[in-house]
Amino acid sequence: DDTSLPQPGEKYLAALTAGKRIPWAKVRKSYFSTGKNKSSMDSVEKAAFFVTLDEDKPELFVDNQVKSLDQYAKSLLHGKCYDRWFDKSFTFIVFANGKVGLNAEHSWADAPIIGHLWEYALATDSFQLGYKEDGNCKGDPAPNVPLPQRLQWDIPKECQEVIMSSLKVAQTLADDVDFYAFPFTRFGKGVIKKCRTSPDAFIQIALQLANYRDKGTFCLTYESSMTRLFREGRTETVRSCTVETCNFVTALDGKKHSNEECLNLFRIAAKNHQHISRLAMSGCGIDRHLFCLYVVSKYLGVNSPFLQEVLSEPWCLSTSQTPIQQIELFDLVNHPEYVSIGGGFGPVADDGYGVSYIIVGDHLINFHISCKVSSPLTDAHRFGENISRAMLDIITLFNLDGKKA
């Protein structure tokens with residue numbers, strides 16, 4: 001109920017976490033190490049997570065789902081660049097119309113952890129806690145919960161200038177993000193399994209076909225693989241642009257091979273993808289080992305042209321699957337309205353794509369595609385169309401209607 005105006009520098013303060021790191025580190029040390037500023041900053045940094053009460057009202061319009069989903073995704077990804085605290089574990093965003101979402105910081109956890117947390121929160125909220133008829137939460141308010149207290153700041157003009165500079169940097173980055181989120185509904189995991197193929201391998205090969213059609217060439221591709229078989233394991237890289245996959249893509253797009261020949265090449269590529277995925281999961285990938293060698297070489301002062309070259313190559317196609325239903329909290333079939341569309345991330349290369357996908361039940365696959373507006377080589381919606389066409393072209397090879405697969 002506090003209607004007072006923001007204190008000087010307060011409104012855009014969080015933009016410091018969205019701009020360049022060195023200016024933020026310097027002003028944090030200079031202006032937030034003593035007095036009321038330190039006390040208020042401690043309150044923010046020691047909190048488990050950050051909450052944003054966003055005044056926007058993103059809606060999902062049936063007649064224009066594409067535009068509304070894109071706007072919703074971009075809002076969760078970066079907001080206004082000053083209304084998310086990007087250094088926190090995650091920012092829990094509540095919009096004015098009651099819709100919710102998360103913006104997660106990546107260093108402490110990977111997507112499956114966030115997805116697990118989000119599923120648990122949604123399922124518990126809907127199926128265990130519930131709401132009264134008037135829309136309020138069931139149960140009684142805890143009597144000893146302290147009332148919110150406004151944080152106090154004393155931000156000098158010099159610091160305010162750095163805040164506005166950080167905001168300008170962040171807004172330039174945010175405006176350059178092209179994002180396309182869409183549900184692929186023509187078929188899902190159920191149909192792919194009838195082809196006796198790994199759904200992830202199927203999608204990854206489709207992404208290679210789509211990227212080849214989009215750019216006319218192949219590129220270094222990153223697929224995130226979990227290494228949670230190991231204590232404190234995080235990720236390893238599956239380099240999914242393989243020779244086998246390239247052979248299939250060029251054969252299918254060259255239109256000089258029969259369907260049977262293309263199908264055989266696809267199965268070879270899919271089998272190989274499953275093999276390298278298992279290697280990555282079991283600690284036999286190469287990229288984390290290469291990175292460790294690079295770190296050790298820097299520590300020892302050893303110059304390695306090989307490591308510098310390998311680790312400087314851009315991932316022009318960065319991909320990740322977000323798992324769903326890691327624990328059976330609710331029935332997807334009978335309660336599809338409680339399914340999250342999943343999450344995405346920004347592009348990691350100036351002329352590349354970031355692609356996140358979530359396999360929902362047997363009949364739905366959600367895609368999140370990002371790239372840079374400033375790149376003449378990329379277009380998120382065009383790539384999404386290429387993905388849809390690639391998925392359909394591959395499934396056609398199996399001739400499921402003729403039961404020949």
Side-chain angles (χ1 to χ4, degrees), residues 73 76-77 102 104 106 109-119 179-193 195 197-211 220-229 233-242 245 269-282 285 287-288 315-327 332 339-348 352-371 380 383-384 386-388 390-391 394-395:
L76 292 174
L77 185 64
L102 291 178
H106 203 345
D110 303 303
I113 309 300
I114 303 297
H116 190 162
L117 165 70
W118 194 233
E119 280 189 67
F179 209 100
Y180 179 31
F182 72 97
F184 180 81
T185 57
R186 297 294 294 272
F187 61 87
K189 178 179 68 176
V191 169
I192 296 174
K193 284 193 169 183
C195 302
T197 301
S198 156
D200 184 71
F202 188 101
I203 295 171
Q204 283 290 327
I205 295 172
L207 291 177
Q208 290 300 320
L209 177 58
N211 188 68
L220 189 62
T221 303
Y222 178 104
E223 180 189 3
S224 178
S225 172
M226 300 300 295
T227 53
R228 293 172 71 182
L229 291 172
R234 291 289 299 263
T235 64
E236 178 55 278
T237 304
V238 178
R239 293 181 173 236
S240 50
C241 184
T242 62
T245 296
K271 184 177 180 181
N272 181 65
H273 183 84
Q274 285 184 274
H275 175 64
I276 62 175
S277 296
R278 292 191 191 100
L279 289 176
M281 290 174 61
S282 58
D287 282 273
R288 300 302 174 266
W315 299 99
C316 286
L317 183 56
S318 181
T319 71
S320 177
Q321 179 190 167
T322 303
I324 192 172
Q325 288 293 85
Q326 298 180 73
I327 48 177
L332 282 176
V339 175
S340 166
I341 193 172
F345 51 89
V348 300
Y353 290 108
V355 181
S356 171
Y357 52 96
I358 177 171
I359 301 172
V360 185
D362 287 334
H363 309 291
L364 174 66
I365 304 170
N366 292 323
F367 286 94
H368 301 252
I369 304 165
S370 67
C371 64
F383 193 52
N386 280 323
I387 290 174
S388 296
M391 296 279 286
I394 293 174
I395 203 68

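Looking at W315 and T237, their side chains come closer than 4.5 Å, going by heavy atoms from C-beta outward. Within the 4.5 Å cutoff, the side chain of I114 has heavy atoms near those of the L102 side chain.
Side-chain atoms of S277 do not come within 3.5 Å of backbone N or O of H275 as any donor-acceptor pair. Put simply, the side chain of H106 gets close to the backbone of A109: a donor and an acceptor are under 3.5 Å apart.
Once rounded to the nearest 0.5 Å, the distance linking CD1 of I359 with CZ of F202 reads 10.5 Å. For the atom pair N366 CG and I358 CD1, the distance stands at 6.5 Å (nearest 0.5 Å). Here CG of D200 is found 12.0 Å from NZ of K189. Values are rounded to the nearest 0.5 Å. With rounding to the nearest 0.5 angstrom, the SG atom of C371 is 11.5 Å from the CG atom of L317. Separating the OH atom in Y357 from the CD1 atom in I203 is a distance of 5.5 Å, to the nearest 0.5 Å. Atom CD in E223 sits 5.5 Å away from atom OG in S240 (nearest 0.5 Å).
Smallest separation of non-hydrogen atoms from S318 and V348: CB-CG2, 3.6 Å. Contact record, A280 with T227: O-CG2, 3.5 Å, taken as the closest heavy-atom pair. For the residue pair P323 and E119, the shortest heavy atom distance occurs at O-OE2, 4.0 Å. What you find for G342 and H368 is that their closest heavy atoms are C-NE2, 3.6 Å. Across all their heavy atoms, A270 and T197 have their closest contact at CB-CG2, 4.0 Å. The two atoms that bring P199 and I192 nearest to each other are CA-CG2, 3.7 Å, heavy atoms only.
Residues Q204 and T319 bring a donor and an acceptor atom of their side chains to less than 3.5 Å of each other. A donor-acceptor contact under 3.5 angstrom links the side chains of T235 and R288, judged on distance only.
Annotation: ring-ring contact (aromatic ring centres under 6.0 Å, His included) contacts of F367 (sequence neighbours excluded): F182. Among residues two or more places apart in sequence or in another chain, the salt bridge (charged side-chain N to carboxylate O under 4.0 Å, His left out) test is passed with R239 by D287. Among residues two or more places apart in sequence or in another chain, the side-chain hydrogen bond (donor to acceptor under 3.5 Å, both in side chains) test is passed with R234 by D110.
Shown are T221, I205, L209; of these, the side-chain contact (heavy atoms from CB on, under 4.5 Å) with T245 is made only by I205. Exactly one of P112, S224, S356 qualifies for a side-chain contact (heavy atoms from CB on, under 4.5 Å) with T322. That residue is S356.
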Checklist entry - Are I365 and V360 close enough, and set up right, to give a side chain to side chain contact (heavy atoms under 4.5 Å, CB included), and what steps lead you there? => result CA-CA 6 Å; I365 304 170; V360 185; over 6 Å; no
Next on the checklist: Using the rule given for side chain to side chain contact (heavy atoms under 4.5 Å, CB included), can you reason through S388 versus F184, listing the C-alpha separation, both sets of side-chain angles and the distance that settles it, and then say yes or no?
Outcome noted: CA-CA 7 Å; S388 296; F184 180 81; 3.9 Å; yes
Next on the checklist: Determine whether F179 and I369 satisfy the following criterion, side chain to side chain contact (heavy atoms under 4.5 Å, CB included), listing intermediate values before the conclusion.
Outcome noted: CA-CA 6 Å; F179 209 100; I369 304 165; over 6 Å; no
Item to check | side chain to side chain contact (heavy atoms under 4.5 Å, CB included) assessment of I395 paired with R186 | outcome: CA-CA 10 Å; I395 203 68; R186 297 294 294 272; over 6 Å; no
